[in-house]
Amino acid sequence: MSAPDGGAPAGPPVGRPLTGAERAAERYTDGEWHRLHPATPLLRGGIVFIALFGFVLSNLRERLIGFFVGAPEYGGDPLDAIYDHGWEGWALLGVAVVLLLCFGAFYLSWRMHSFRITGDAVEVRSGILFRTQRKARLDRIQGINVVRPVLARIFGAAKLDVSVAGHDANVQLAYLGSSLADGLRADVLRLASGVRAAEAAAAAAAGGVTAGTVAETGGDAPEGVPTTGGAPSRAAAVGDLVGRRVNEFLAPELDPNAAPPESVVKIPPLRLLGSLLLSGFTVFVLVVIAFLIWGASSGELWLLIVVLPGLIGSASFYINRFTKSLRYSIAGTPDGVRVGFGLLSTSNETLPPGRIHAVEVLQPLLWRPFGWWQIRIDTAGHSREKGAAGQPNTTMLPVGDAADVFRVLSLVLPGFATDEHRDLIESGMTSSGRDAFVGSPRRAVWIRPFSWQRTGYRVVDDAILLRRGFVWRSLAIVPLARLQSLELQQGPLDAALALAEARFHTVSGPVRPRLAAIDAPSGVRLFEEVSARAVAAAAADRSHRWGQATNHTEKEH
């Protein structure tokens with residue numbers, strides 16, 4: 001069986017049909033510099049200027065009305081001097097000059113902000129006085145996030161956030177046309193996977209051209225302008241533009257044609273609401289309410305003044321997290337695992353195969369009666385944008401049942417989470433007795449009185465499963481090809497009981513793959529076995545060019 005993170009299901013085959021957005025985007029992956037959406041300066045900072053300008057105007061509305069219908073008598077502010085000396089014209093000229101300078105700076109900023117996509121990297125350069133240039137290598141791409149804030153959706157724009165391995169190494173294309181962002185996301189992933197190179201080589205060998213070239217499509221026409229002859233009327237163009245914007249707002253977050261329906265995992269709104277109400281924050285709120293009631297009954301009314309505003313703010317916390325998590329979906333697409341969410345402002349991130357370094361399935365105590373679970377992951381790169389409801393974007397599944405967990409695992413670890421492993425995964429999630437896992441010895445009860453029976457590990461198919469936790473259940477899965485180092489340590493108490501603790505080091509993230517209170521001789525054998533398997537798995541790993549690996553596997557079969 002193949003390595004758990006290098007499975008083939010997510011890789012697109014050579015020569016697969018391209019969508020219209022992908023074909024239109026190919027003209028932007030020619031290695032030349034291109035400019036962003038014309039509304040970029042406005043969306044990146046101009047809105048703040050307009051808001052401030054509107055605030056000033058709203059506070060001077062009496063003055064403006066008085067200027068046109070007769071200035072009233074005011075005293076004690078600089079505007080009186082303007083009226084008294086007849087400087088109204090100069091004041092308006094100054095305002096006009098400031099506005100022109102601002103719009104000129106916006107235009108110059110747009111002209112100096114460009115990007116290019118080559119066969120090796122995505123580059124962005126910007127700045128007027130101080131120039132900056134950022135470069136993201138395609139072989140280090142960890143994910144691509146397409147974010148559409150509500151204001152950008154009005155302009156038909158979106159941000160393309162390219163996550164790469166390394167600290168603060170992301171490259172962001174903000175902003176692009178909405179359809180162009182989708183097309184570029186798919187095209188960049190095809191470049192990173194090696195599919196474009198394979199297509200070019202196949203076309204060269206056949207003496208033809210690659211599928212989906214710009215010659216077939218004639219390039220990308222500006223939004224709202226038809227490609228056929230004849231000039232449309234202004235009313236028709238405006239109506240077409242408004243119609244497209246309305247369709248974009250009403251369209252489902254996940255295109256039904258983007259992924260097979262059986263691979264899509266969604267969160268019902270009632271379950272989402274229940275998970276928020278049964279969170280640790282709710283416990284904190286209940287404690288605060290109890291403290292407030294006690295203070296009020298004992299005559300400490302100052303507590304009401306101090307605590308009540310915070311309780312009112314907690315209601316907005318719940319509303320905010322609920323609305324931002326609506327339309328959450330996880331799906332398997334030809335380019336990788338796609339996580340999308342959002343009602344007004346939307347976000348959808350695509351994680352290519354082989355970018356998951358560790359997976360953890362955990363269950364808080366309050367969720368246990370309902371059978372709900374959460375999935376978190378470790379990746380080498382993180383999008384600058386937050387995940388659903390402000391959660392870290394390493395939360396793959398905020399809340400789901402056991403069936404949802406298995407479907408998500410089959411997407412993120414396609415080579416491991418198969419039907420033959422279902423019993424093993426279920427045992428790691430819920431079992432509390434002796435089973436196929438190598439458990440802790442009975443003497444571990446001295447340092448793990450409640451969880452020693454659940455503590456255990458299992459190495460299978462180039463992955464290691466770590467089971468732990470009695471109150472908060474947890475199952476961690478680490479693909480050995482992604483393992484960076486392994487540590488076996490023993491403290492004084494562990495040495496006295498012949499126990500040890502194993503730590504599996506991956507990239508930084510919420511998952512902490514470690515297992516305490518295991519038998520010391522078993523830990524040594526585990527260390528040797530995992531070390532040998534990790535070296536072999538890393539040598540056989542081809543996930544950095546997952547498209548080429550997929551097509552090579554298909555040819556072998």
Side-chain angles (χ1 to χ4, degrees), residues 4-5 9-10 142-143 145 253-254 258-280 321-322 324-333 336-342 346-351 353 355-368 370-379 382-383 385-414 416-417 421-422 425-426 428-430 465-467 469 472-479 509-513:
D5 63 325
Q142 304 298 309
N145 194 7
E253 199 285 321
L254 175 64
E262 62 272 9
S263 74
V264 180
V265 179
K266 297 183 179 181
I267 303 178
L270 290 179
R271 181 188 300 167
L272 176 62
L273 180 61
S275 67
L276 294 176
L277 295 177
L278 295 175
S279 63
R321 299 200 72 175
F322 178 74
K324 288 189 176 181
S325 297
L326 289 175
R327 302 203 302 176
Y328 197 99
S329 64
I330 306 115
T333 70
V337 181
R338 178 192 175 283
V339 180
F341 59 89
T346 65
S347 174
N348 57 80
E349 183 172 15
T350 302
L351 302 174
R355 270 48 179 182
I356 308 295
H357 288 245
V359 181
E360 183 180 27
V361 183
L362 67 156
Q363 185 183 58
L365 179 63
L366 296 178
W367 290 7
R368 188 175 300 182
F370 304 93
W372 295 341
W373 299 81
Q374 185 179 87
I375 297 181
R376 303 187 300 187
I377 61 173
D378 281 352
T379 59
H382 304 290
S383 173
E385 307 296 330
K386 285 291 186 180
Q391 294 179 330
N393 50 30
T394 51
T395 301
M396 177 65 69
L397 178 65
V399 57
D401 56 21
D404 294 333
V405 167
F406 188 79
R407 292 168 65 189
V408 172
L409 290 179
S410 66
L411 294 175
V412 300
L413 300 175
F416 172 75
H421 297 112
R422 181 184 293 270
I425 294 173
E426 291 179 352
M429 292 166 56
T430 60
L465 286 76
L466 308 174
R467 182 182 67 188
W472 288 274
R473 294 173 176 174
S474 169
L475 173 66
I477 306 175
V478 182
V511 183
R512 299 288 188 269

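Atoms considered below: every heavy atom in the structure, side chains included; atoms not considered: hydrogens, waters and symmetry mates. Computed from a predicted model, the values in this text were never measured in an experiment.
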Pairwise distance [atom1]([X]) to [atom2]([Y]) - rounded to 0.5 angstrom:
{"X": "Met396", "Y": "Ile377", "atom1": "CE", "atom2": "CD1", "result": "3.5 Å"}
{"X": "Leu409", "Y": "Met429", "atom1": "CG", "atom2": "CE", "result": "8.0 Å"}
{"X": "Ile477", "Y": "Ile425", "atom1": "CD1", "atom2": "CD1", "result": "5.0 Å"}
{"X": "Ser279", "Y": "Trp367", "atom1": "OG", "atom2": "CH2", "result": "8.5 Å"}
{"X": "Tyr328", "Y": "Asn348", "atom1": "OH", "atom2": "CG", "result": "11.5 Å"}
{"X": "Asp401", "Y": "Arg407", "atom1": "CG", "atom2": "CZ", "result": "9.0 Å"}

Verdict with supporting geometry, Arg271 and Phe370, side-chain contact (heavy atoms from CB on, under 4.5 Å): CA-CA 9 Å; Arg271 181 188 300 167; Phe370 304 93; over 6 Å; no
Heavy-atom closest contact ([X] atom, [Y] atom, distance):
{"X": "Leu326", "Y": "Leu272", "value": "N-CD2, 4.3 Å"}
{"X": "Val511", "Y": "Ala358", "value": "CG1-CB, 4.0 Å"}
{"X": "Leu411", "Y": "Ala331", "value": "CD1-C, 4.0 Å"}

Would the distance check show the side chain of [X] and the main-chain N or O of [Y] forming a donor-acceptor pair, the cut-off being under 3.5 Å?
{"X": "Arg467", "Y": "Leu475", "answer": "no"}
{"X": "Arg355", "Y": "Pro353", "answer": "yes"}
{"X": "Asp378", "Y": "His357", "answer": "no"}
{"X": "Gln374", "Y": "Pro398", "answer": "yes"}

[X] vs [Y] side-chain heavy atoms within contact, under 4.5 Å:
{"X": "Trp373", "Y": "Thr430", "value": "yes"}
{"X": "Pro479", "Y": "Ile356", "value": "no"}
{"X": "Ile330", "Y": "Ile375", "value": "no"}
{"X": "Pro364", "Y": "Trp372", "value": "no"}
{"X": "Trp472", "Y": "Leu362", "value": "no"}

Pair Ser474-Glu360, side-chain donor/acceptor within less than 3.5 Å: yes
